[in-house]
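To find a chain, count down the sequence lines: A is the first, B the second, and so on, and within it residues start at 1.
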2 protein chains.
Amino acid sequence: MEGIAVRLERGGSDSIERLFRPSSVAVVGVSNRPNNLNRFFLDSLRALGFSGSVYVVNARAEDVDGFPAYARLSDIPGPVDHVIVAVPAAAVPAVLEDCRTKQVDSVTVFSSGFAEATDGVGWELEQWLRDWIQNQPFRVIGPNCMGIYRPGVGLGFRPDFPKEPGTVAFVSQSGGMSISGVLMAAHRGMRFSKVVSYGNEVDLSSVELLQYLSEDHESQQVWLYIEGSRAGSQLTAAMKKVAAKKPLLVLKGGMTESGSRAAASHTGSMAGAADVWQAVLRQAAAVEVYSLEEMIDAGLALQWLPGGAGSRLGIISVSGGLSVNYTDLAVRAGFQVPPLSRSLVERLRDLIDMPGTSLANPLDLAAGYFFFPNYPQIFAELGRCGELDLLILIVALEYLILPERLIANIADVLLGMFIQAGRSLCVPMVAVIPRVEDDARRRTFEAAFIQAKIPVYPTMERALRALGHRRRYRQSRDR
Amino acid sequence: MEGIAVRLERGGSDSIERLFRPSSVAVVGVSNRPNNLNRFFLDSLRALGFSGSVYVVNARAEDVDGFPAYARLSDIPGPVDHVIVAVPAAAVPAVLEDCRTKQVDSVTVFSSGFAEATDGVGWELEQWLRDWIQNQPFRVIGPNCMGIYRPGVGLGFRPDFPKEPGTVAFVSQSGGMSISGVLMAAHRGMRFSKVVSYGNEVDLSSVELLQYLSEDHESQQVWLYIEGSRAGSQLTAAMKKVAAKKPLLVLKGGMTESGSRAAASHTGSMAGAADVWQAVLRQAAAVEVYSLEEMIDAGLALQWLPGGAGSRLGIISVSGGLSVNYTDLAVRAGFQVPPLSRSLVERLRDLIDMPGTSLANPLDLAAGYFFFPNYPQIFAELGRCGELDLLILIVALEYLILPERLIANIADVLLGMFIQAGRSLCVPMVAVIPRVEDDARRRTFEAAFIQAKIPVYPTMERALRALGHRRRYRQSRDR
């Protein structure tokens with residue numbers, strides 16, 4: 001605990017702010033050897049458009065992938081703000097000594113083989129590093145981590161991460177979770193402000209990052225993937241600080257005994273007792289999720305759906321069976337699917353005049369759904385009636401295939417109307433687009449909704465789980 | 001109840017057997033008008049390769065979409081086994097009279113506007129039909145239904161249904177659920193023996209269909225989507241009869257008050273009390289599912305995974321974070337992720353010699369995963385060790401992108417090894433392929449696993465839910 005306190009003192013939000021805007025980056029441990037995978041760090045800086053200087057430290061090359069190479073850090077002309085270290089664990093201390101000499105600001109130690117390794121040597125090495133860094137003027141992220149992704153300045157560790165910045169911050173003890181999380185979320189329309197994969201936490205800690213992010217105006221929600229921490233009470237306080245200002249979504253790894261065993265060999269963490277963690281998360285008013293999908297689903301609902309904590313759902317569908325089933329699912333998930341008032345039904349009847357449709361909630365448009373020229377008006381009625389808090393539009397792609405045999409562009413026309421309708425609504429709307437036969441078609445529809453900032457879910461169950469998180473979060477704010 | 005008994009007596013499995021193999025089909029209610037959607041019945045018979053005669057009943061055309069048209073049913077030369085009626089509800093009685101005159105075997109009444117309609121007229125019409133059909137020599141499916149899909153004889157109601165037959169039977173009160181279910185399941189590698197969308201059940205009942213399917217050798221599992229029934233105890237008996245011989249998966253629509261209201265306007269069903277239904281399903285030893293996705297996921301596990309009810313999972317992953325999280329999810333879902341014996345770890349060490357890998361359960365292959373030339377041997381060791389009942393392979397596509405920059409076809413090579421490994425295993429295996437950025441790549445991988453009869457799930461949570469159903473089903477058999 002004392003060690004943590006010292007680090008917090010010597011760090012402060014200034015040193016973290018600097019982490020996120022280096023003017024120059026050097027990468028140690030990349031080469032021109034064909035099987036040198038670590039070059040993805042260089043690929044990433046190029047692909048994300050990092051505008052500062054990029055150097056390589058390599059004694060046997062003039063350049064690597066077009067970036068100038070130097071034998072040692074000290075040979076690099078001018079200052080180096082950030083260093084990415086991707087050498088074997090045993091070689092890390094020497095590189096860190098060079099970093100001190102070069103007076104760098106911060107270092108990401110990508111190398112693994114520290115406390116998470118079972119060889120005993122790694123554990124010793126980590127203890128040494130943990131002590132040594134205390135008295136250094138620069139900050140270390142890791143080891144056993146990916147470091148920083150901040151699209152706003154072109155910093156990142158995957159060439160296929162989005163270039164556009166967003167408003168989600170992600171603090172992840174696991175490098176893999178940060179990669180999977182960003183890529184999966186990007187596909188769903190989410191973009192990130194700052195992502196830090198922080199690994200074994202010898203210096204820069206989740207506590208500091210959370211404290212910083214609680215004040216960070218770029219970040220409107222914060223995600224945390226964590227396996228363990230040495231700073232229980234400080235972590236709780238930092239989580240509280242975030243959750244007081246913005247949604248904090250937490251996925252805790254190693255909550256079961258077997259999971260905890262796996263965590264030990266992953267980040268060398270002591271995962272801690274599940275009941276203690278659960279109490280901490282509740283106390284911190286964090287949104288606890290159980291998987292990356294759940295985190296992304298909930299984040300999406302919190303990102304794009306303004307408004308209150310109401311539970312009255314309107315369901316719009318073109319399949320009676322799905323309407324019935326989805327109503328059951330909604331009610332089981334704690335929502336209401338209330339009957340519509342007589343006056344609303346009358347207003348809808350003026351807009352929808354087709355046998356087979358069920359003018360109720362769920363609104364089953366049945367076979368006539370593609371004859372309607374007035375979805376925007378229908379949706380607007382449902383939105384402004386004051387009887388519903390949220391609309392769920394079920395887009396069953398299997399019902400577009402037959403009409404398309406009659407009217408070639410009917411799918412595009414319908415999609416356009418749905419989007420227009422969703423945009424002008426005065427209550428939030430989400431779309432559920434189940435996966436049927438044609439993935440490409442689904443992707444086109446999903447992309448159009450995302451473009452209009454309408455969250456899309458692949459199943460009703462996932463939509464409802466996400467909306468449940470959103471609702472409980474808003475309820476906790478209203479108190 | 002008496003009515004039901006009469007129908008059962010007059011029907012019998014012979015009349016149902018005949019339903020599934022008509023030599024000739026006539027469609028009433030299709031025309032050459034450009035907006036006549038009902039022609040999908042003709043499209044479907046053509047696309048699915050129905051080899052019998054197809055006729056159209058239409059006084060104003062010589063032919064419709066290439067099928068010969070006749071003014072009345074009685075004008076058709078030769079016998080007509082099955083008639084599809086797609087005329088407005090009010091015109092149905094006259095067509096049925098023609099069917100009697102023509103001495104047809106069976107009729108599908110696609111038309112809606114019966115008890116599910118709110119106009120009162122539909123309810124009267126349905127009562128009439130219900131009484132009238134009692135004394136007729138032919139069978140009626142519906143009304144308000146899609147009828148029969150039996151790919152083995154090219155019979156069906158969607159041109160995009162698979163032509164290949166399979167082993168799943170699906171009895172669905174909802175036409176929409178039968179369409180969505182077949183298409184979604186087809187995408188996942190499932191094929192159907194017989195599907196019946198039976199609608200308002202004026203004659204042919206779910207009870208009869210289940211009784212028939214319990215003895216049907218083509219059908220190795222039976223799905224039921226049901227909203228309500230007038231024959232409670234007979235239905236329970238029929239479900240028991242099926243479940244005694246093969247898995248019976250049941251999705252009950254209208255289990256909540258709001259869902260039940262929706263069901264009333266969908267199939268005119270009285271959905272019944274949820275607790276009664278739940279007791280019935282338990283008593284019948286049915287697998288109760290809450291969504292189509294859950295039905296398909298569970299069906300897939302029951303279809304392709306032989307063997308016992310063991311709960312010991314082996315998890316193979318290339319991402320430490322996912323390994324930890326997925327282990328938590330598995331344990332929460334009631335599975336074990338047991339540590340491996342020392343001798344097994346030693347045998348694995350001979351096959352995997354790479355820093356960063358975690359030779360444990362979960363087996364975290366980490367960054368070295370694409371260097372291994374010997375997945376089949378690794379998997380074989382895990383399979384034959386006697387320590388695990390089931391393997392879950394996590395295919396994280398995001399980890400193929402970087403290696404592909406070094407070795408162009410590495411993804412295909414890996415996929416080939418995974419498939420080979422899965423095929424030669426002596427314990428069942430499933431693959432989890434989360435959706436990351438590239439849907440087309442995911443589809444390619446999924447298709448390869450499906451081809452090898454290895455079930456693929458989009459999330460760990462869905463895989464575990466399905467495997468839980470499989471496990472409980474097998475346990476109930478072992479008792």
Given heavy-atom pairs under 4.5 angstrom as the criterion, report whether the side chain, backbone, both or neither of [X] touches chain A.
{"X": "B/L329", "answer": "side chain"}
{"X": "B/R462", "answer": "side chain"}
{"X": "B/S358", "answer": "side chain"}

Report which part of [X] has an atom under 4.5 Å of a heavy atom belonging to chain B: side chain, backbone, both, or neither.
{"X": "A/S174", "value": "side chain"}
{"X": "A/I315", "value": "neither"}
{"X": "A/E398", "value": "both"}

Do you know which two heavy atoms are closest between [X] and [Y], and how far apart they sit?
{"X": "A/L322", "Y": "B/S180", "result": "CD1-OG, 4.1 Å"}
{"X": "B/E461", "Y": "A/S291", "result": "OE1-OG, 3.0 Å"}
{"X": "A/G176", "Y": "B/S319", "result": "CA-OG, 3.9 Å"}
{"X": "A/V324", "Y": "B/G259", "result": "CG1-O, 3.6 Å"}

Hey, which of [options] has the most heavy atom pairs under 4.5 Å with chain B?
{"options": "A/R39, A/E446, A/M460, A/R442", "value": "A/E446"}
{"options": "A/V436, A/L397, A/N36", "value": "A/V436"}
{"options": "A/F40, A/Y326, A/Y290", "value": "A/Y290"}

Between CD on residue B/Q336 and OG1 on residue A/T256, distance to nearest 0.5 Å: 11.5 Å
query: Roughly how far, to the nearest 0.5 Å, is CZ of A/R332 from OG of B/S258?
result: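 Between B/S258 OG and A/R332 CZ, I get 12.0 Å after rounding to 0.5 Å.
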task: Select, from B/G320, B/G175, B/P338, the one with the greatest count of heavy-atom pairs under 4.5 Å involving chain A.
output: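 Result: the option with the highest number of such pairs is B/G320.
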statement: Checked B/P88, B/G321, B/S172 vs chain A; the most non-hydrogen pairs under 4.5 Å come from B/G321
Is there a side-chain contact between [X] and [Y], using heavy atoms and a 4.5 Å cut-off?
{"X": "B/D328", "Y": "A/K252", "answer": "no"}
{"X": "B/L292", "Y": "A/N325", "answer": "no"}
{"X": "B/R261", "Y": "A/P339", "answer": "yes"}
{"X": "B/R435", "Y": "A/E293", "answer": "no"}

- request: Inspect the surroundings of CD in B/E257 and state if more than 12 heavy atoms from other residues, nucleotides or ligands are less than 6.0 Å away.
  value: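 At most 12 heavy atoms, drawn from other residues, nucleotides or ligands, come within 6.0 Å of this atom.
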message: So, using side-chain contact (heavy atoms from CB on, under 4.5 Å) as the criterion, who are the partners of B/D43 when residues are at least two apart?
response: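 B/D43 satisfies side-chain contact (heavy atoms from CB on, under 4.5 Å) with A/R405, B/D65, B/P159 once adjacent residues are dropped.
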